[in-house]
Amino acid sequence: VSDARSTASQAIAKVAGIELPQKQWPELIGSLLSNVNQQPAHAKQATLETLGYLCEEVPPNVIDQDQVNKILTAVVQGMSASEVNTDVRLAATRALYNAIGFAQANFINDMERDYLMRVVCEATLSPESRIRQAAFECLVSISSTYYEKLAAYIQDIFNITVKAVREDEEPVALQAIEFWSSICDEEIDILEEFGVEFTGDSDITCFYFIKQALPALVPMLLETLLKQEEDQDQDEGAWNIAMAGGTCLGLVARTVGDDIVPFVVPFIEENIQKPDWRQREAATYAFGSILEGPSPEKLIPLVNVALNFMLSALTKDPSSHVKDTTAWALGRIFEFLHGSAVGSTVITQENCQQLVTVLLQSMNDTPNVAEKACGALYFLAQGYEEVGPSSPLTPFFQEIVQSLLSVTHREDAGESRLRTAAYETLNEVVRCSTDETAPLVLQLVPVIMMELHNTLEGQNLSSDGREKQSELQGLLCGCLQVIIQKLGSSEPTKYVLMQFADQVMGLFLRVFACRSATVHEEAMLAIGALAYATGPDFAKYMPEFYRYLETGLQNFEEYQVCAVTVGVVGDICRALEEKIVPYCDGIMTQLLKNLSSNQLNRSVKPPIFSCFGDIALAVGEYFEKYLMWAMSALQRAAELSTHVAGDDELTEYTNSLRNGILEAYSGIFQGFKSSAKTQLLIPYAPHILQFLDGIYMEKDMDDVVMKTAIGVLGDLADTLGSHAGSLIQQSLSSKDFLNECLSSEDLMIKESAEWAKLAISRAISV
């Protein structure tokens, strides 16, 4: 029974994933390999499947090379054309997919690599489509794992993929396109890492496969754009050959930049006015796909020619599919070719009104077109974020807001994410608005409050209705958050906003009585913004709010809610300063409990440490009663965050952990600075300097950590004065670290270092 065999395979692999790294179950691989030569065929198939799952579960360094060679031999034998049983070939091909990461030594050896590549390429020609698909999946994996070994095979692979894309069944063709998308990803990464000044002595060379393949690759991708499905614009999860081709075309544009333009423009010109909607849509899709990558100088002349045509297509084209793609392409124009970062812009005083009019008109179209129109408006507003006191959108502000609000009330706003898109766009329009429209933003406050109030009144809903309702509550809380941040950022509007504070806070507290986690997260963020705007007066809400704060800190299951709540504690500390003291015992107890729990997702730990710093900064020497506990937790974490060797994801986490720890130290030192109790901190200084040495020596800190770390060195000297001076002079790397930061190209790091240098020289001269 195949289901039973398959489950047994998974069980074996799971146990192996636990035991093999502990050097247990040493006979497993041997007994599996002896099974491969067994008849009947179904036992062979199950064994190959098990080897595949095993490679998925176990890290490559756990299995020694001799066994890897034997596994690969067994798998490749199972894949070869001489294997008559299709199920066995399929299981072997899928197993190879999982084993590719184990084959490093084999890919270095020319003969073995040639052999493996030949077997995979032959499998792409198998009569069974599932095997062809699995073989292309192997090629995709090889392209990202062994990019630098592909040069000898790329021409053959190109020929195989072209044939598959043009003639094969869709699942196979999709993987053939994915191969080229994967090559683009690799080349984009290499070129980004080494910048334009490409040097030959870097670890990985860029072979410019995409650039060389352009004349043949782009026409193949453009052909796929004409293979749309009838109603894919209505289906959110749609993925088909036309979409895969367009996605790949977009990656090609990012890989080669300006070079792609001459290969695509003729296709657009030829198809954009054809009677068949497929041709018009494909031309529009091609145009939208190449807008990220090539330079504005190359694209803006094309956009200037296309813009009027696109606006008329968006209102007049008979095909909803063409309108959908046109609105998407307009959004891409505004995203990449409009805004302060782009020198010349495609949007002028003259055409701005026409653009707004057309987009607002399209918001009454079918939900999928309206959703894309909202998206385009989002980027249009974002491009005017830093325009100074007056924005070209100001004259239309009222009309835009009105239209977006009426979209949220459409009967069909639940389809195509339309309601969500309308609120996201409204938020962006508010966020990027200027002082001129502040009175209009103020008028929004009671409107959105009323909407939120109405969602809280709805009773006896079905579970589906409840879910929709909590989604809407989340959107409204998010909208209020943006409005509060906007109005709270300048004194005159803040004063008016405060008249609504009691009512708004009352609504947020009622939201917590609802069950949904996303809503709690949005309401927490909005309360954080309100606390920041309200300042010390926020204290009056604390007696009632505190229990929800505590519940949020205890929410391990929905750890995002926990993380957001920790951030809000920081906002409240900044707002209340010493008025937070009555709540500190409860907060610190819960935070320390969270740190010692292994149930809590690790991503919440860095913000908890930063939060220690926020609390210490707010309460000053009152922090003494928590000092011992906080410092020992920081010390343990600091030791864990040096000497970490791992993948990029781990390095990224380690850096965020270090940054949290350093922010805590910084807050604690600054909090004690002007008090009589600074001597309490002296015993901790040697360990902190040791931690700074440790992360400096490891050479893997990012810019954020570097800035915080040099700041902590300054805080130490600034708070402890002469007590720190001698310790800093004795420390291994402080001097080198300081000099490295002083010569940094990052202005933030340089500024922190200048300040630290001053503090240290004062501490040493005392």
Side-chain angles (χ1 to χ4, degrees), residues 477-478 480-489 494 497-498 500-513 517 519-555 558-595 600 604-626 629-630 660 663-664 666-668 670-672:
C477 287
L480 281 168
Q481 181 199 345
V482 174
I483 294 173
I484 291 166
Q485 282 168 332
K486 188 73 195 175
L487 296 173
S489 61
K494 183 152 90 178
L497 173 69
M498 283 308 119
F500 295 106
D502 291 0
Q503 287 165 285
V504 172
M505 190 66 189
L507 286 170
F508 290 153
L509 292 174
R510 284 181 63 191
V511 168
F512 283 115
V519 185
H520 287 190
E521 200 177 322
E522 294 294 343
M524 265 303 165
L525 287 165
I527 287 175
L530 187 65
Y532 191 75
T534 317
D537 290 346
F538 189 81
K540 65 179 176 184
Y541 305 123
M542 282 302 287
E544 201 182 342
F545 172 53
Y546 178 71
R547 61 190 176 125
Y548 298 113
L549 195 67
E550 198 163 55
T551 313
L553 293 176
Q554 289 161 353
N555 194 343
E558 292 140 350
Y559 65 90
Q560 288 93 338
V561 177
C562 187
V564 164
T565 310
V566 170
V568 169
V569 172
D571 292 332
I572 293 173
C573 285
R574 284 184 281 280
L576 294 185
E577 294 182 326
E578 67 288 350
K579 287 189 177 176
I580 188 98
V581 166
Y583 305 96
C584 278
D585 282 5
I587 292 173
M588 282 300 294
T589 305
Q590 192 55 51
L591 291 178
L592 287 162
K593 214 184 249 175
N594 287 12
L595 285 175
L600 183 61
V604 188
K605 297 195 172 173
I608 289 178
F609 287 126
S610 310
C611 191
F612 284 177
D614 295 329
I615 294 171
L617 206 51
V619 302
E621 61 182 58
Y622 181 80
F623 197 77
E624 178 188 351
K625 69 191 278 195
Y626 317 116
W629 307 100
E663 285 183 340
S666 179
I668 292 169
Q670 291 176 29
F672 275 88

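- A 4.5 Å side-chain heavy-atom check between Leu549 and Ile587 finds at least one atom pair inside the cut-off.
- Contact detail for Cys562 and Leu553: the closest heavy-atom pair is SG-O, 3.5 Å.
- To the nearest 0.5 Å, atom OH of residue Tyr546 and atom CD1 of residue Ile572 are 10.5 Å apart.
- Screening residues 606-619 for side-chain hydrogen bond (donor to acceptor under 3.5 Å, both in side chains) gives Arg574-Asp614, Ser610-Glu663 as the qualifying pairs, with residues at least two apart or on separate chains.
- With contacts defined as side-chain heavy-atom distances shorter than 4.5 Å, the pair Ile615/Cys584 qualifies.
- Here Gln485 contributes atom CD and Leu530 contributes atom CG; the two are 11.0 Å apart, rounded to the nearest 0.5 Å.
- Of all non-hydrogen atoms in Ala526 and Cys477, the two that sit nearest each other are CB-O, 3.7 Å.
- The minimum heavy-atom distance linking Glu558 with Ala517 is given by the pair CD-CB, 3.3 Å.
- Two residues are said to be in side-chain contact when any heavy atoms from C-beta on lie closer than 4.5 Å; Phe609 and Leu595 meet this criterion.
- Aromatic ring centres of Phe538 and Tyr541 lie closer together than 6.0 Å.
- Taking both residues in full, the closest heavy atoms of Leu497 and Gly488 are given as CD2-N, 4.1 Å, listed atom of the first, atom of the second, then distance.
- Under the 4.5 Å side-chain criterion, counting only non-hydrogen atoms from C-beta, Leu576 is in contact with Met542.
- Taken to the nearest 0.5 Å, the CE atom of Met505 stands 8.0 Å off from the CD atom of Glu544.
- Taking the side chain as every heavy atom from C-beta outward, Lys540 and Asp502 approach each other to under 4.5 Å.
- Between Ala531 and Ala575, the closest heavy-atom pair is O-CB, 3.1 Å.
- For residues 580-590, the side-chain hydrogen bond (donor to acceptor under 3.5 Å, both in side chains) pairs, not counting sequence neighbours, are Gln554-Gln590, Asp585-Lys625, Asp585-Tyr626, Gln590-Asn594.
- Between the OG1 atom of Thr565 and the CG atom of Leu591 there is a distance of 10.5 Å, given to the nearest 0.5 Å.
- Atom NZ of residue Lys593 and atom CG of residue Leu600 lie 13.0 Å apart, to the nearest 0.5 angstrom.
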**OP:** Under the side chain to side chain contact (heavy atoms under 4.5 Å, CB included) rule, what do Phe508 and Met524 come out as? Steps first, then yes or no, please.
**Re:** CA-CA 8 Å; Phe508 290 153; Met524 265 303 165; over 6 Å; no
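- Aromatic ring orientation, Phe512 versus Tyr548: parallel (interplanar angle below 30°, classes split at 30° and 60°).
- With rounding to the nearest 0.5 Å, the separation of CE in Met588 from SG in Cys611 is 8.5 Å.
- Contact record, Lys494 with Ala533: CD-O, 3.3 Å, taken as the closest heavy-atom pair.
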